[in-house]
Structure formats: structure tokens, C-alpha cells
Amino acid sequence: MEWFRLSEKPSISSSTYCAVLQLCGELKSLQDGKEVHSVISCNDVQINGILGTRLVFMYVSCGELSQGRLVFDQVVNEKVFLWNLMINEYAKVEDFAECVYLFQKMLNAGIAADSYTFSCILKCFAASGCSDLSLGRSVHSFGIKLHFNKETKFCNILLDMYSKCGDLAAASRVFEKTSERSVVSWTSMIQAYSRSGLLHDAIRLFHEMTSSGTKPDIFTLSAVLHACASSGSLESGKSVHNYITGQGLESNLFVCNALMDMYAKCGSMEDASLVFSQMPVKDIISWNTIIAGYGMHGFGKEAIRAFEEMRRDGIKPDGVSFISVLYACSHSGLVNEGWRFFNIMQKECKIEPSLEHYACMVDLLSRSGKLQMAYEFIKGMPIKPDATIWGALLCGCRIHHDVKLAERVAEHVFELEPENARYYVLLANIYAEAEKWEEVKELRVKIGRRGLKKHPGCSWIEVKGKVHVFVAKDGSHPEVRKIEALLRKVREGMKKEGFSPKLRYALMNGDDLEKEMALCGHSEKLAMGFGILNLPPGKTVRVMKNLRVCRDCHEMAKFMSKTTGREIILRDSNFFHHFKDGSCSCRGFW
DNA sequence: ATAGGGTTAG
């Protein structure tokens, strides 16, 4: 710039301006860039396509998209590169409409799009997760006409676009047709299965990939570990871990973070903390993952200890760290500690609490029975509470059987999210547990009228590498008779020791025997029974469930852990229960 | 001269 300022302006050639602008763009110095632009204007230098491109590049690199667009509109541009530059910028800020507009304008101007143009526009489709896929499809077929489907990169971005827009079948077709699959193709397809909830297909594809000779990289490993984590397949996760060690990637930061998360979500905090302790370098995500892991398992004290250790290590907690530690407090009933962190966050760390933080606090208060205080807390929030905030209080009302307050809270929830079946089901359960059958019926009608669907309860367990799925009241599993016989025996044993079935959780109107039968059909009981019958003696029974665990099942699990001498680890939609010697790690806070 | 996939909380 010094040299530029001193030089005789009229003698500077266009290509020199280009070089200087290029530099300004790369250094992101808008001030200098603007100065060069004004010199160009003052000296009446003609802004041709080449110089215009540099100007646009300089502005967009400095984050001045609208300035860049002004220049773009002024210059005559016949080069595809400049159009790509512009389209890519709009794709980055997810301005879907502008991307499409420029794309069409470009075609009208007779400029031939290249594969990069397509990748920019498809990236924008993917980012917006567009519900209407017809545009994406037409861009796809247009790309085929130009034979871009021979290019692996083009296919990969297409695959990703379909996957992010929720069309798994189309994504899979693209994958099948990709002739030269790269590691990115495989990773994207694994991710596509994972996104659609087909976690075991994701894991299967990973094994297919390794046997096909394509070597997974850290992106692939993170993706497959995430699939293991979501499905809770500890055995699959361990086999991936073995692969990682074999490749010498066991010290990689990303891989370790994903590994820890996998172990935590598969119910093994021992393995998670082992990975954590052996990491040579830890970042904030590593710490947040371990804190959240302890929280999920009801190890509140350990979560707090990790949080303090992180601060001693000189890592500044971020918003997620506080969500994790508050969540841990709430699942361990540590109300005072929770308040303390909520204050530290604001006063010491200067972090403005977000909706998630408020949700944690409402959860903390209402879970521990301070329902009225939680209500006042919501009323005093400086930002507008959303459905999850009121939903947390509604959950608390269920735990503490407060029907009156639940009705008031539900009004807020239904107003904010009228289409979410979860909340209607939650209120219906509160009514059912209070035996208010008329109200239950009314709500069921309401759910039906709105065309909403309740997710059926479903549990699964891994035995010898195979996943066995149980759905409530579903007798299709070949061993269901044997399981039921076992459960009946357990129930008799419980009754002898004075544990009566928690009939209010049968959620149905009927006589006691009917209720007891309904409770016995719960999917988590079936899965636990199957595990006890089929796993070698002494081996921990690990069961996953898609919804919250039922209270009666919780009692039975405690009892079974005592009579069989086994540990039972049960993962529900947001928490782990460790049953051992007749008690549970959650100590009632869930 | 430009490019594609991944890890935490809810």
C-alpha cells in the first residue's frame, strides 16, 4: 500500500490495480481496498471484466457483499468465474432466492455454467433444507445434460443436497450411480443414513467401505461414531475404536471427541473418561462432552468437578459448557449448585443466558418440586419463553402430580406449539395418572382431530452383535413367551416383598389386572427380560428406549438388578439409569 | 484462480 500511495497514478496499469486489489482481498483490509477503488474511479480507469472481478473479490472477502454486488452489476461480465464468485457468496449467507436469480440471469446471458456453479447452487439448496425439492431436481437433471454427473465432486454435493433435504432414496440413487466413489462419497452416504435415523445402515455402510478398500478418514470416523452413539451400539462403537487404534488415529482431537461422546451415549462413562484422560490435547468441545456425559448419567458431582477442572486448566467455559453443567445439576437434584452456576455465567463469564439456559433452570426447579418457583421464574424472564420452557415445567407437573398447574401451563404450550403431539400426550398422561379419564378421552380426540401421531414406545438391546427391537404390546419377537414368563415371576417376587405395581402408570382405564397386564407389555421390560435371558451371567444389561422410562418399569429394573445380581443400564430419550443392587443412580431425579 | 463430508448442549 505504501508503494501504491507514492506511485504516479496515471502510469499505473490495470494489472497493477488488480494485483493490489487481490492483496487487499486476501488481507481482508477493507479500508485499503476502498482507497484503491476511489483512486480507480478518480483516474477514470476503465473497469473491465478482469478489474471488476478483483474489485468484487476484494469487497466480498472483506464481508461487503452489497458493495460487491454494486460493482458486479456495473461491469460487463462474460466470465463464468465472476458469476460463480457472486453465487457462492449468496450461497454462503444462504440467500436462496438471490442464488437462483443470479443462476437464471447467467444462463439468460448465455454464459455456460460449470460444475462449480452447480456445486454452489446445490450447496445453497442443502443449507436451506428446502422443503420443495423440485428446483433441486431440475438443477440435477440440467447438470446431467451437461455431463457433470461424471464428476465425483458434483455427485457428492448432489448426494448431500438430497440427504439434507430429507430425500434419502434420491441420495442413495446418486451414491449408486457415482462411478468413482471417493472417501467423501462414502462419508456423505453414511451421514445420509444417520440423518434419516437408519443408524444400523450407516454402520453397515462403514464396514462395507473398509472392505471395499476406501480408507476412512477422520470425517468418516466421526460420522460413524455419531451413528453408534445415537443407536447406543456399544459393540459397534468398540469395533470402530479398534479400527481407529489400528490406524494410529487414537490421539486425533476430532476422533477423540466423537469417541467420548459415543461411549457416553452408549452407557459407558468409564470408557469415555478413559479416552478423555488419555487425550494429549483437549479443546472446549472435549470438556463440554465429558461434562454433558456425566450429566446424562446422573453423575452431577463429577460433572461439576470436571467443570471446575476445566476452568483451572485455563479454558473459558462457553454457553454450551453452562448448558451441560446446569443440565447435570438438574438431573442430580443439585438446586443450589445450579443457581450458583447460573450466576457465575452472567457475573463472572459475562454470558447472556439463552433460552436453553432458562430451560435448564426451569427443569432444575420443577424437577426438584419447586413448581411455583419455576412458574415465577418463567414469568420473570427477560426473553419470551418458548414451548420447551413451558414444556419443562409441564414435565415437572407430571413428576409431582400437579394437575391444576399442568392445565395452566399446557395452555401456554399449546398456544406456542399447537402441532407438537408430544405435549398433548404429556398432558394426557398427567390426566391418566390422576385417573381423570374424561379429560384423557377429550385430549385423545383432540390429538386425532389434529391428525397428530403419538410415537409408539420402543426399546432395543444388542446381544452378540445383533439388535433386538421391542415395541410395546407387540408379541412378534420369537422369545416373547419366555420373556413374559420371566416378568411374571419377577412381579410375583416383588409383590411378596411388598412392592405393588404402579398401576397409575398403566395410562388406561380398566381393572387392576388389565392395568398390570398393560404395564407388563412395556417395551423396556421386554428388552430387559430378553437381556437377562440371553446375556451371559454377570454381564451388564444395556437397554435403549426412544421415550421416557415408565415409573413401574423403573421399579422393576431396580428389583431385577438386586435379584439377578446384574447391573442394568437403561438409556431413555434423555437420560441414563444405572440399576445396581436394587437402587438407581438417578435417585428419583428424572 | 473458485469447490464436496465430521465432533459438544437442547
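Letters A, B, ... mirror the listed sequences (proteins, then strands); counts begin at 1. The structure presented is a predicted model; accordingly, all values stated were derived computationally and were not measured.
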So, for A/Trp287 and A/Phe307, is the gap between ring centers shorter than 6.0 Å? no
Under 4.0 angstrom, heavy atoms only, what part of the nucleic acid is [X] near: base, sugar-phosphate, or nothing?
{"X": "A/Ser321", "value": "nothing"}
{"X": "A/Val183", "value": "base"}
{"X": "A/Ser286", "value": "nothing"}
{"X": "A/Thr388", "value": "nothing"}
{"X": "A/Ile157", "value": "sugar-phosphate"}
{"X": "A/Asp318", "value": "nothing"}
{"X": "A/Ala359", "value": "nothing"}

Look at the side-chain N and O atoms of A/His226 and state whether any lies under 4.0 Å from the OP1 or OP2 oxygen of B/dT8. yes
When you check the phosphate oxygens OP1 and OP2 of B/dA9, does a side-chain N or O of A/Lys265 lie under 4.0 Å from one of them? yes
Answer with yes or no whether A/Thr187 presents, from its side chain, a donor or acceptor under 3.5 Å of a partner atom in the base of B/dG5. yes
Side chain of [X] only, please: which of [options] is the nearest?
{"X": "A/Thr53", "options": "B/dT8, B/dA3, B/dA1", "result": "B/dA1"}
{"X": "A/Tyr116", "options": "B/dA3, B/dA1, B/dG6", "result": "B/dA3"}
{"X": "A/Asn257", "options": "B/dT8, B/dT7, B/dG6", "result": "B/dT7"}
{"X": "A/Tyr327", "options": "B/dA3, B/dG5, B/dG10", "result": "B/dG10"}
{"X": "A/Asn84", "options": "B/dT2, B/dA1, B/dA9", "result": "B/dT2"}

Could you tell me which non-hydrogen atom of A/Cys124 sits nearest to which non-hydrogen atom of A/Cys99, and how far apart they are? SG-SG, 3.6 Å
Anything under 30° is parallel, anything over 60° is perpendicular, the rest tilted; go ahead and classify A/Phe377 against A/Trp339. perpendicular
Is the base of B/dG5 stacked against the aromatic ring of A/Phe219, taking ring centres under 5.5 Å apart and planes under 30° as the test? yes
Within the stacking criterion (centroid distance below 5.5 Å, interplanar angle below 30°), does A/Phe81 stack on B/dA1? yes
Which of A/Leu102, A/Leu55, A/Val60 passes side chain to side chain contact (heavy atoms under 4.5 Å, CB included) with A/Phe72? It is A/Leu102
So how far is it from A/Leu65 CG to A/Leu70 CG, rounded to the nearest 0.5 Å? 10.0 Å
